[in-house]
Student: 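What follows is a single structure, and I will ask about it in a moment.
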Amino acid sequence: MKILVAIKRVVDYNVRVQVKPDGSGVATDGVKMSINPFDEIAIEEALRIKEQGKAEEVVVVTIGSNDSQQQLRTAMAMGADRAILVETDTAVQPLQAAQVLLKVIEQEQPGLVITGKQAIDDDNNQTPQMLATLWNRPQATFASKVEFVEGNKISVTREVDAGLETIQVELPAVVSTDLRLNEPRFVKLPDIMKAKRKPLEVKAIADLVPAPKGQAIEVLKHEAPQPRQKGVMVETVDELLEILKDKGLVS
Amino acid sequence: MSKVLILAEHNGTKINQSTAKVLTAAKQLKADTIDVVLFGNDSGLATQVAALAGVNAVKYVQCNDNHDQLAASIAPTIADLGKDYSHIFGPSTTFGKDVMPRVAALLEVNQLSDVMEIIDANTFKRPIYAGNAIITVKTDTPQIVATVRTASFAADKSTDGSASVTESTLSTAAEHTTFVELSTGNSDRPDLQTASKVISGGRGVGSEENFQIVYDLADKIGAATGASRAAVDAGYVPNDMQVGQTGKIIAPDLYMCFGISGAIQHLTGIKDAGTIVAINKDGDAPIFEVADVGLVGDLFKIIPEMMEKL
């Protein structure tokens, strides 16, 4: 079986982004870029499945600018066998991303697709579900555990508001990862060297999906969130309780 | 001329409060019609929804098994019904996040995720970058599919509604997906998502056993309990207690946290809280930048003192 992992290059999660003064976007010049953390977990999960002997190949794909090659190389340094960059210089919204990924699926015929549940830039949380829909295959979102069971099925534990839900889905399927699925490995220097020799194929987005369906949502402006009013520091429990009692929050 | 279809959420016996919050958002569209679609196997659920004022019709879709919670099973029916509506809204809960993008894909539109403010029927605000930026977005597709950020809208409290109820049977159940089980924390405490008071703990609490004093204080004041990602990752508490970007986004009147440093991802989950109280032994912790009331000190001394004085 082949596993396809879809990743995205995003502003590193440690960076506190700033909205540009003219409201046209967030400042990303000179900002550290990384693999979306949820996608890094997806790569790790695919590698572990391969290491258990349940998959032969891990292919990583991204849609983005040429700079995204860095993130694909990192994924290959982690252990992915090869990479595909679907190149575009414009932002791609989830429905278009899902259509592009579907084309890659048609070419690659993976038995399992794993991707992060959301990208931490747009926080959309849509692409995996849309991809599963267009592919007409099951989805197991927000996964915290993936196990192979009899036949051609996986059992997936999902992090849901009420607790942990377990479902079984037939393969091929789309799994989207949550934070506690695994802890991604660190990349070692020799692996970075080795990754440079692994195949990285670049495709133009227009060659895959010349006329994407669906209208993009128009972004009119960006603004900084309303800051909370600066609060007060108290020295004692008595002072704290007095404030809370005044506000009617405790009795 | 907006016509809204809302996807109701429930736990099998009770309608989740997220439904009433989405209703509040739908009413802000100044809609001509608001209908609700409900998947389940207890017609009492439909009666609960019908009592919400402003709901015109409840479309109750009977599911004979666990398919009522499976996105792949219910999305085709929602999308099919949705063709008669201008807006299809679901809650931005794990249930809504799972199913609504499937509905959007079937209708060939992008989804608006986490709508936090409605400007008009086509213009909305939503957070990106864990709430570090807010974008104003516009779309004029024939159907607008959105998840509504429940912390941004108060629950509709009306009980004098008289919506009609129509019943049908689910015909789109997926064969390829099977529900196995749901394990929940089974706590007697108030629900974290809807509680008016929340007491939470972070890595500073130190262990699963130590969390007992956090629970004790919560029980003393009738609060729900929450936690930071660090506390969940460390195994001190179950995942359903996590508050933050990837956990629950909450808006209680009182949020009191102990031993939480205040990572940006956590703050995202609480910024709509009424009053934030932070207790941490590190006076430089970022949580104090957003706290309405801060107290630097040892939670293991402060909680017992609070217990005694409350």
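Chain A is the first sequence line, chain B the second, and so forth, proteins listed ahead of strands; every chain is numbered from 1.
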Student: Locate the shortest heavy-atom distance separating Gln93(A) from Asn110(B); write the atom from each residue and the value.
Tutor: OE1-ND2, 3.4 Å
Student: What part of Leu134(A) is in contact with chain B, defined as an atom under 4.5 angstrom from a non-hydrogen atom: side chain, backbone, both or neither?
Tutor: side chain
Student: Quick one: what part of Ala291(B) sits under 4.5 Å from any heavy atom of chain A, side chain, backbone, both or neither?
Tutor: backbone
Student: Tell me, for Ala132(A) versus chain B, whether the close heavy atoms (under 4.5 Å) come from the side chain, the backbone, both or neither.
Tutor: both
Student: Do Asp292(B) and Lys230(A) meet the salt-bridge criterion of a basic N to acidic O distance under 4.0 Å?
Tutor: no
Student: Checking side-chain polar atoms at under 3.5 Å, does Arg180(A) have a donor or acceptor matched by the opposite partner on Gln242(B)?
Tutor: yes
Student: Quick one: of Val277(B), Val290(B), Asn132(B), Asp253(B), who has the most non-hydrogen atom pairs under 4.5 Å with chain A?
Tutor: Asn132(B)
Student: Please classify the contact of Val10(A) with chain B as side chain, backbone, both or neither, using a heavy-atom distance under 4.5 Å.
Tutor: neither
Student: Any chance you could measure Leu240(A), atom CG, to Met306(B), atom CE, to the nearest 0.5 Å?
Tutor: 5.0 Å
Student: Salt-bridged, Glu223(A) to Lys125(B), with N to O below 4.0 Å?
Tutor: yes
Student: Taking all heavy atoms of Arg137(A) and all of His176(B), pick out the closest pair and write down the distance.
Tutor: C-NE2, 4.0 Å
Student: Does any non-hydrogen side-chain atom of Asp161(A) lie less than 4.5 Å from one of Gln193(B)?
Tutor: yes
Student: Check whether Lys97(B) gets within reach of chain A through its side chain, its backbone, both or neither, counting any heavy atom under 4.5 Å.
Tutor: both
Student: Given heavy-atom pairs under 4.5 angstrom as the criterion, report whether the side chain, backbone, both or neither of Leu295(B) touches chain A.
Tutor: both
Student: Identify which part of Thr147(B) has an atom lying under 4.5 Å from any heavy atom of chain A, answering side chain, backbone, both or neither.
Tutor: neither
Student: Between Ile144(B) and chain A, which part of the residue has a heavy atom less than 4.5 Å away: side chain, backbone, both or neither?
Tutor: neither
Student: Can a side-chain donor-acceptor contact be found between Gln215(A) and Asp140(B) if the only test is distance below 3.5 angstrom?
Tutor: yes
Student: Counting only heavy atoms closer than 4.5 Å, note whether Met100(B) contacts chain A via side chain, backbone, both or neither.
Tutor: neither
Student: Looking at every heavy atom in both Pro138(A) and Thr177(B), which two are closest together, and how far apart are they?
Tutor: CB-OG1, 3.3 Å
Student: For Thr236(A), is it the side chain, the backbone, both, or neither that has a heavy atom closer than 4.5 Å to a heavy atom of chain B?
Tutor: backbone
Student: With the side chain counted from C-beta on, respond yes when Leu179(A) and Arg229(B) share a heavy-atom pair under 4.5 Å apart, and no when they do not.
Tutor: yes
Student: Which atoms of Lys248(B) are under 4.5 Å from chain A, going by heavy atoms: the side chain, the backbone, both sets, or neither?
Tutor: side chain
Student: Given Thr141(A), which of Thr94(B), Val99(B), Asp98(B) fulfils the side chain to side chain contact (heavy atoms under 4.5 Å, CB included) condition?
Tutor: Asp98(B)
Student: For Asp123(A) and Gln245(B), does a side-chain donor sit closer than 3.5 Å to a side-chain acceptor?
Tutor: yes
Student: What residue in Ile221(B), Val109(B), Leu107(B), Val103(B) has the most heavy-atom pairs under 4.5 Å with chain A?
Tutor: Val109(B)
